[in-house]
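Beneath this line is the structure, given in structure tokens, with notes to follow.
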Amino acid sequence: MESLLVLVGLIVLAIPVGIIFLIVSHIRLRRRVEQLEQDLRALGGDVSKTSDAPPQPEPRKPTEKPDKALKPAPWSKAQTPQPAAEQTPPAAVVFREDRFTALSNWLRENWFYVVSALSLALAGIFLVQYGVENGLLPPSARVIAALSFGVVLIVAGEVIRRRFGDDEASATAYLPSVFSGAGLVTLFGGILAARQLYDLIGPESALIAMVVVALLGLILGWFHGPLLAAVGLIGAFAAPFVVGGTSKDPGWLYAYFFVIAVLGLGIDTVRRWAWISVLTLFGAYAACLLLVLSSPLTEPYYLICVTALAVISIAIPIRRVWPDHEGAMISQIISRKTGDAWPEFPTRVAFGAVAVSSAILSVHWADSPAEFWLGVTLLAGLALGLMLWGRRAEALQDATILPALGLVWFVLMHGWDNGIVLRHFAETYAETAEADYPWVVTVLIILGGVISVTAAWRSMHAHKYAAGWAGAAAVFAPALAIALEVGWHPATVIGAYPWALHSIALGALMVIFAERFSRVDGDQRMRASLATLSALSCLTFACVIVLSSAALTIALVAMVVVAAVLDRKFNLPPMSWFIWAGVFTVTVRLVLNPGLDWAGTAAILEMTLVYAVATLGFLAGWLLIRSMNRPVATLLLESATWATGGILLSLLLERWLQSFGEGNATNSHWGLGLLAIIWLLLAFAQIQRFELGGKLNYARYLLAAFFAGHGLFRLVQTLVDANPLLNKVASPVLGLPLLNTLAVAYLLPALAVGLSVWRIHATPLWLKRASWGLSGGLTAVWLGLMIRHVWQGAAGMYEGNGVTQPELYTYTIALLVIGAVVFYQSLARRSDLMRKAGLAVIGLAVAKVFLIDIAGLGGLIRVFSLLALGLALAGLAWLNRWAQLRHSPHGPEPLDH
């Protein structure tokens with residue numbers, strides 16, 4: 001039975017060898033026939049009569065050009081990139097439709113080469129496994145047999161290549177690559193089996209042997225076609241998983257995969273097939289991932305390996321120890337215009353590898369403190385390496401942001417996920433208060449500072465994008481500190497003041513950056529402005545850590561004023577960004593968090609101090625920069641000043657009225673009216689900012705609608721639910737006639753709306769008319785309620801108490817006076833709209849007299865009512881006639897004509 005199995009195995013191994021032998025024999029026979037036909041033509045014979053086969057073309061001389069171009073293979077040499085004016089990507093782009101089409105066509109016509117290479121490679125690998133169960137051959141003999149078989153395949157491939165050629169024009173195309181590629185895979189499989197299956201050699205010897213084989217493959221790859229590289233790479237990456245076996249420490253396989261990656265990139269760096277590099281990196285990352293999934297304890301080796309893959313993907317494709325990638329960056333594709341150059345292939349390979357490695361490093365879970373620090377070190381090292389080692393690589397500048405962001409994300413997520421280093425940090429003083437100071441947060445802040453310093457150094461020496469590097473220097477260290485604050489909460493462990501000192505130290509570092517940049521740049525203030533903004537942000541962050549709620553708001557206002565002072569003193573336009581952020585943050589704190597709820601319960605002096613400082617600070621900032629060309633900051637500060645000042649007055653009035661002990665901001669007409677004023681002022685602040693334009697206007701529209709809707713809702717509550725005229729149990733009216741809470745609830749909102757519309761010239765016409773209508777309606781409501789309060793008092797405001805005759809008469813007089821004033825203004829301003837409004841009010845007074853007063857009044861009051869109406873109408877008729885005579889160019893018309 002064993003002999004039968006051996007025979008079957010030999011037959012299986014002989015099948016691919018037999019196929020190759022038949023192909024080679026057929027090729028030789030075909031060449032002999034072609035030679036005989038040529039000899040026959042030379043003797044003057046007729047080939048068509050002696051053979052039924054179609055005539056064959058004459059073999060071409062090396063100097064002759066072919067009549068028809070050969071059909072390209074999917075791995076033919078990369079073509080010369082098209083001119084930059086073309087909109088198509090360069091020829092080195094791997095993932096193109098024509099590439100996939102060529103690959104599918106080639107596989108359809110030449111699939112037997114692929115099957116042959118696969119069969120030969122598997123034959124070599126299974127040779128070392130043959131007889132494991134039966135013990136037919138000792139392990140050393142199996143390994144020697146596999147290595148010998150691999151050498152035979154490589155020698156056979158070289159013989160065919162030297163004698164018959166390997167280019168696409170020869171009949172033996174791809175055969176040398178098939179043999180040599182399968183031989184390389186067999187050699188790798190034999191070495192892996194010697195180490196992994198039989199433990200015949202140590203990992204050091206295995207690695208040395210694989211390096212030797214890789215060098216051999218590198219040399220062969222430079223002479224053979226890309227099929228050898230593809231077969232060798234795929235087989236080499238798959239060999240460890242096909243060989244199988246167990247190992248106590250399979251971490252050495254990462255070195256093996258790294259060697260194979262160097263082999264693939266090394267071959268392609270000379271031949272420039274491009275897709276071989278992509279295949280190499282894909283196989284390396286995939287093989288490393290499969291290995292770490294099967295053996296999680298090897299994760300540290302995995303992280304080191306993927307970082308090393310990113311490094312060699314930068315250096316090998318350009319064949320430089322110091323990278324010097326030129327051309328466009330990957331990020332420039334986003335804003336690419338017609339005629340702009342595409343990034344070169346080495347740039348794309350390097351960027352992709354750095355992106356993948358940074359993503360792997362940033363999302364991995366650290367099981368131990370050593371693994372956490374390994375991840376931090378690798379990410380920081382990759383970022384620093386791109387800045388220092390890759391300082392000449394202009395096209396890789398944007399790749400630096402990938403490991404930098406990965407480091408911030410890794411630190412943040414380790415805190416959010418309650419990682420082991422965070423747990424140790426949080427438990428520092430759990431058992432004893434005299435424990436040593438935990439340095440983890442401080443070390444991370446120092447590391448962030450080192451990266452920021454390096455970015456500032458790059459900015460100093462950059463030929464392009466110096467401001468971008470300055471921005472990176474200004475942002476990275478504070479961003480890492482914010483990640484620690486959000487994810488780790490260091491103040492709960494080391495205390496607020498020590499943690500705030502870290503932020504202050506970063507602020508001092510940013511001040512140094514600002515001084516250096518200012519000294520170098522002169523009148524060009526961009527880099528100095530960015531560093532100054534970062535310094536202010538660091539100081540603000542320290543205030544957030546240490547100060548109380550009120551003190552923090554005051555500190556933020558002070559930062560806004562300082563930004564305005566710096567802009568005025570040193571002409572720093574980017575300070576407008578900080579002013580914008582500061583105004584937004586302070587407004588949020590004044591309105592939402594801690595907001596109006598805190599203002600209603602805090603001590604009156606503290607509340608007044610916070611809102612007064614905010615108002616005066618915004619006013620001071622506006623006065624400082626209003627003469628400069630800062631339209632955004634100026635408008636923001638002006639609108640914030642008006643809104644904050646109105647909120648302060650409303651809150652002070654509310655707190656004063658609450659001191660009477662009757663009603664509050666929740667259910668009283670005056671409290672709801674004051675809340676409406678606050679929200680309407682915020683809405684008009686956004687309306688004033690409409691003239692800034694831009695895409696942010698959509699956000700301003702939403703904010704204005706939200707604030708206005710909230711204010712109108714409060715007004716509806718004031719007019720209906722809390723109205724003492726309509727609700728018997730509503731809060732009573734406080735104060736004397738004219739000077740009472742009715743004016744607070746209805747007249748003040750009317751004045752706030754009217755003043756805002758009058759002040760903001762950019763208010764849309766429809767909104768302006770609606771606002772004037774709202775203001776007039778609220779004024780009318782206040783006037784009516786004020787008249788009732790004069791005659792009925794606070795106790796008789798409810799409509800169920802009826803209307804007295806003097807009160808009814810006062811309404812008539814008020815309507816007539818209002819109508820007369822509006823009518824007069826219409827004549828003075830020649831406003832047809834106002835004239836119609838005045839006539840409407842007078843008509844309302846006439847209707848009231850004839851429909852209500854005649855029936856409701858008695859005695860002399862009825863007489864006086866009709867007398868007042870008659871005199872008023874006569875006076876208005878005279879006024880109208882006088883205005884017509886004064887302003888009309890024509891003379892008076894006769895009474896009858």
Side-chain angles (χ1 to χ4, degrees), residues 587-602 607 611 639-640 642-658 660 662-688 700-735 740-757 760 763 767 770-786 797:
T587 303
V588 169
R589 293 192 59 80
L590 293 177
V591 179
L592 299 178
N593 183 25
L596 300 176
D597 293 336
W598 171 85
T601 57
M607 184 274 294
Y611 284 85
S639 60
W642 282 98
T644 309
I647 293 173
L648 172 62
L649 295 177
S650 300
L651 290 174
L652 288 175
L653 186 56
E654 177 192 341
R655 295 294 294 271
W656 179 66
L657 291 174
Q658 283 182 348
F660 291 97
E662 300 184 44
N664 52 51
T666 303
N667 53 22
S668 64
H669 55 278
W670 52 267
L672 293 171
L674 290 173
L675 287 177
I677 292 175
I678 293 174
W679 291 108
L680 290 175
L681 288 175
L682 292 173
F684 278 106
Q686 296 299 322
I687 292 172
Q688 185 175 3
R700 297 186 186 105
Y701 295 151
L702 293 177
L703 288 175
F706 173 77
F707 294 149
H710 205 78
L712 292 176
F713 175 74
R714 296 300 184 185
L715 282 179
V716 171
Q717 287 183 308
T718 306
L719 293 170
V720 180
D721 297 337
N723 193 336
L725 179 67
L726 303 178
N727 191 351
K728 188 175 183 180
V729 295
S731 299
V733 178
L734 304 178
N740 52 31
T741 54
L742 292 174
V744 176
Y746 304 105
L747 182 59
L748 284 184
L751 294 177
V753 172
L755 180 62
S756 298
V757 175
I760 303 173
T763 306
L767 185 58
S771 299
W772 283 121
L774 177 63
S775 178
L778 289 173
T779 304
V781 171
W782 167 77
L783 182 60
L785 292 176
M786 184 270 296
M797 290 297 298

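This is a predicted model, so every value here is computed, not measured.
Relative orientation of the Tyr611 and Trp598 rings is parallel, given thresholds of 30° and 60° on the angle between their planes.
Separating the OG atom in Ser668 from the CG atom in Leu674 is a distance of 8.0 Å, to the nearest 0.5 Å. With values rounded to the nearest 0.5 angstrom, Leu652 atom CG is found 12.0 Å from Ile647 atom CD1. Lys728 contributes atom NZ, which lies 14.0 Å from atom CG of Leu726 (distance to the nearest 0.5 angstrom). Expressed to the nearest 0.5 Å, how far CG of Asp721 lies from CG of Leu672 amounts to 8.0 Å. Leu702 contributes atom CG, which lies 11.0 Å from atom CZ of Phe707 (distance to the nearest 0.5 angstrom). Note that the CG atom of Leu751 and the CG atom of Leu778 stand 9.5 Å from one another [nearest 0.5 Å].
Not counting sequence neighbours, the partners of Arg589 by the side-chain hydrogen bond (donor to acceptor under 3.5 Å, both in side chains) test are Ser549, Thr553. Here Asn740 pairs with His789 under the side-chain hydrogen bond (donor to acceptor under 3.5 Å, both in side chains) rule; sequence neighbours left out. For the side-chain hydrogen bond (donor to acceptor under 3.5 Å, both in side chains) test, no residue two or more places apart in sequence or in another chain qualifies with Gln686.
Asn727 places no side-chain N or O within donor-acceptor distance of the main-chain N or O of Ala722, the cut-off being under 3.5 Å. Distance alone, capped at 3.5 Å, places no donor-acceptor pair between the Arg714 side chain and the Ile677 backbone. Remark: the backbone N or O of Leu767 is paired with a side-chain donor or acceptor of Ser771 at under 3.5 angstrom. Using a distance-only test at 3.5 Å, with no hydrogens or angles considered, a donor-acceptor pair links the side chain of Thr741 to the main chain of Leu734.
Nearest heavy atoms, Pro724 versus Ser731: CB-O, 4.4 Å. Minimum heavy-atom separation, Gln688 to Ser639: OE1-CB, 3.2 Å. Of all heavy-atom pairs between Ala676 and Gly711, the closest is CB-O, 3.5 Å. Taking each heavy atom of Ala743 and Pro749 in turn, the nearest pair found is O-CD, 4.5 Å.
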Q: Show the numbers, then the answer: is there a side chain to side chain contact (heavy atoms under 4.5 Å, CB included) between Trp679 and Leu596?
A: CA-CA 11 Å; Trp679 291 108; Leu596 300 176; 4.3 Å; yes
Q.
The test is side chain to side chain contact (heavy atoms under 4.5 Å, CB included); show your working for Leu785 and Val733 and say whether it passes.
A. CA-CA 10 Å; Leu785 292 176; Val733 178; over 6 Å; no
**Q.** Test side chain to side chain contact (heavy atoms under 4.5 Å, CB included) applied to Val744 and Leu653, step by step
**A.** CA-CA 9 Å; Val744 176; Leu653 186 56; 3.7 Å; yes
**Q.** Residues Trp782, Leu748; criterion side chain to side chain contact (heavy atoms under 4.5 Å, CB included); working and verdict
**A.** CA-CA 10 Å; Trp782 167 77; Leu748 284 184; over 6 Å; no
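Environment of OH in Tyr701: crowded, with over 12 heavy atoms of neighbouring residues, nucleotides or ligands closer than 6.0 Å.
Contact of the Tyr746 side chain with the Leu719 side chain is registered, since non-hydrogen atoms from C-beta on lie closer than 4.5 Å. Proximity of Leu651 to Ile678: side-chain heavy atoms (C-beta onward) are separated by under 4.5 Å at one or more points.
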